[in-house]
Amino acid sequence: MEFLLLVVGLLFGTVLIVGVGERIRLPYPILMLVFSALAASLPFVPDVHIDPELILPLFLPSLLFAAAQRSSWSVFRLRWRSLVLLAVLLVVVTVAAVAAVTWWLVPAIGVPLAIALGAIVAPPDPVAVEAIAGKVRMRRRLLTVLQTEGLFNDAMAIVIFQAAVSATVNHERVGWDIVPRFLLGAAGAVLLGIAMAWLVGALNRFVPNLVARSAATLVAPYAVYLLAEVVHCSGVVAVVVTAVELGRRARPQDSEERLTRAAFWEVLELLTTGIAFGLVGIEMRAVIDAEGPSLVRFVPGIAAVCAAVVLVRFIWMYAIFRMGGTERREKTPRSLREVVVLTWCGMRGLATLALALALPSTLADGSPTPGRNFVVAAACSVLVVTLVLPGLTLPWLTRVLRLPDDHEAEERAQRALARRAERVALEAMQTSPAALKLPEGRRRALARRMSSLHTILEADYADNPEKMLRLKAVLAAMDRAQRDALDAARREMLAARNEPGNDPELVDRVLRRLDLRTVTLDR
């Protein structure tokens with residue numbers, strides 16, 4: 001019962017913190033971290049623990065699915081250099097640097113656990129970056145790089161973490177055999193993810209209920225993650241592939257389902273983040289109680305880990321700048337100022353929290369895990385250094401550096417895509433079977449409605465039942481024609497997403513607006 005009360009309290013606290021953050025104009029991830037640290041120190045907060053083996057299955061599927069469904073295969077193809085340089089290589093280099101520093105300063109911790117610490121603190125969190133960087137009107141080109149980095153870095157870090165933890169618990173060595181194991185596991189996970197996406201798509205076509213179809217997307221990531229773990233494949237890769245493949249298989253006419261699902265996952269991601277922050281605060285209290293005054297001896301090692309995380313990211317971003325940027329078509333970063341901003345936005349968040357909580361407290365022989373308290377304390381310190389400090393100072397930093405603004409170019413590109421969608425919608429309306437059955441006057445009214453997307457207000461014919469029935473039939477035909485036209489516009493945007501030269505993220509933004517306007521007009 002104490003645990004349930006704690007979870008409910010954390011959920012309410014999360015909602016309250018988000019509201020406070022909106023009022024005082026501070027990003028909610030920072031306030032959550034401060035709130036969880038303060039709440040954990042209260043004497044009436046129960047000291048509860050979740051089995052570390054349950055942390056990853058509980059938190060990771062929803063975390064990965066929520067992040068991956070905001071992307072697409074088109075984004076992967078367009079941003080593949082960013083994925084390789086930031087989501088893979090930078091994670092590996094950060095893990096190696098942190099592990100080396102940790103093993104040098106705290107040799108008793110052992111190499112496998114040092115590698116696990118590196119994997120815990122390596123991946124920046126896209127949710128934290130969007131919540132903080134999105135409020136300072138950062139250049140979309142920079143924000144895109146940060147979002148692309150967050151698509152797959154969690155998966156890479158988690159694979160390394162799981163291998164390191166397995167070696168720690170079983171007193172094994174971490175060797176190069178992890179590479180073929182990862183490749184085989186990833187290949188099997190890709191097949192599982194595609195199969196799960198096909199299954200969910202078939203289920204959605206069979207089930208007419210909108211709520212039930214949205215619920216299927218909650219079950220799918222957990223199901224494919226557990227299935228992949230059972231057959232010794234990568235559950236992380238399976239969840240990511242499932243989310244991206246479901247997005248590819250989405251039909252143009254499923255606009256209301258997409259909006260419902262997006263809102264549902266935003267709520268779930270928010271509440272999951274709140275629970276994770278609260279549990280880490282409680283875990284940190286347990287570390288402080290266990291170590292007491294001797295916690296001071298952790299300070300040199302923790303400071304070195306925090307410095308390594310920041311310095312490695314700066315050096316890597318500067319090297320990318322000197323080599324020509326993350327993308328040849330759109331060089332990023334373009335200057336030393338952008339290198340500083342991209343370094344400052346390497347904010348750790350939910351993935352670091354979940355992995356820190358998932359670190360086993362005992363080894364296979366039942367003995368305590370040596371150095372676990374140091375790892376948890378270092379992970380929490382990296383959160384403070386990379387999340388709280390940059391989050392509070394990023395607006396000031398962007399003003400001081402005076403980065404040029406590219407919002408006008410972005411708006412021009414978005415307007416061009418919107419005009420293209422509207423043109424195709426109007427053309428499709430002219431040939432829609434429902435529109436051809438309408439009188440000429442109604443067709444002109446429908447054309448005005450499509451071009452302005454305003455709701456047509458009709459007079460009340462309640463006093464004349466016959467006119468009311470005719471009006472209902474006309475409005476129903478107009479709605480069908482409108483749906484045909486907007487479906488055509490969405491198909492055109494889906495085709496545009498795969499065309500060279502178009503930014504798939506801008507296309508996705510136009511698609512979301514088409515979905516929103518469709519549902520609004522239907523209602």
Side-chain angles (χ1 to χ4, degrees), residues 60 63-64 67-68 70-100 115-126 129 142 144-164 174-190 193 228 233-241 243-244 308-328 330-333 339 342-343 345-352 354-355 386:
L60 280 188
L63 162 69
L64 295 169
R70 291 192 287 266
S71 186
S72 65
W73 295 121
S74 300
V75 173
F76 283 7
R77 288 193 297 270
L78 181 65
R79 310 289 180 189
W80 68 268
R81 282 172 57 88
S82 297
L83 285 171
V84 173
L85 291 173
L86 300 179
V88 178
L89 295 181
L90 179 55
V91 168
V92 172
V93 172
T94 303
V95 170
V98 171
I115 294 175
L117 172 59
I120 289 172
V121 300
D125 182 22
V129 170
L142 299 179
T144 297
V145 169
L146 295 170
Q147 292 168 336
T148 303
E149 178 186 7
L151 291 176
F152 210 76
N153 57 4
D154 291 348
M156 192 68 199
I158 291 164
V159 169
I160 298 174
F161 173 82
Q162 290 174 328
V174 180
W176 289 105
D177 58 331
I178 184 179
V179 177
R181 288 209 313 265
F182 169 71
L183 294 177
L184 289 175
V190 169
C233 292
S234 173
V236 173
V237 176
V239 172
V240 171
V241 172
V244 177
V309 168
V310 177
L311 286 176
V312 166
R313 184 173 180 84
F314 175 79
I315 294 172
W316 192 262
M317 289 297 180
Y318 183 75
I320 291 176
F321 161 62
R322 299 300 298 179
M323 290 188 304
T326 55
E327 304 296 337
R328 297 189 185 278
E330 193 173 291
K331 178 181 176 181
T332 303
V339 169
L342 290 175
T343 301
C345 288
M347 304 166 191
R348 273 56 177 178
L350 186 54
T352 296
L355 294 180
T386 62

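Just so you know, these numbers use all the heavy atoms, side chains as well, and skip hydrogens, waters and symmetry mates.
Taking 4.5 Å as the limit, some side-chain heavy atom of L86 sits within range of a side-chain heavy atom of M317.
Contacts of L89 classified as side-chain contact (heavy atoms from CB on, under 4.5 Å), with partners at least two apart in sequence or in another chain: V84, L85, W316. The side chain to side chain donor-acceptor pair (under 3.5 Å) search around R348 returns none, not counting sequence neighbours.
The shortest heavy-atom contact between P123 and A351 is CG-CB, 4.2 Å. In plain terms, the two heavy atoms of P333 and F321 that are nearest each other are O-CD1, 3.4 Å. Nearest heavy atom pair, residue I115 against residue A164, reads CG2-CB, 3.9 Å. Minimum interatomic distance between G346 and T386 (heavy atoms only, all atoms of both residues): O-CB, 3.5 Å. S234 and V159 get closest at one heavy-atom pair: OG-CG2, 4.1 Å. For the residue pair T343 and V310, the shortest heavy atom distance occurs at CG2-O, 3.9 Å.
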Verdict with supporting geometry, V121 and L355, side-chain contact (heavy atoms from CB on, under 4.5 Å): CA-CA 9 Å; V121 300; L355 294 180; over 6 Å; no
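Residue pairs meeting the salt bridge (Lys or Arg N to Asp or Glu O under 4.0 Å) criterion with at least one member in residues 310-319, sequence neighbours excluded, are E149-R313.
L117 contributes atom CG, which lies 10.0 Å from atom OG1 of T352 (distance to the nearest 0.5 angstrom).
Listed for the N153 side chain is no donor-acceptor partner under 3.5 Å among the backbone atoms of V91.
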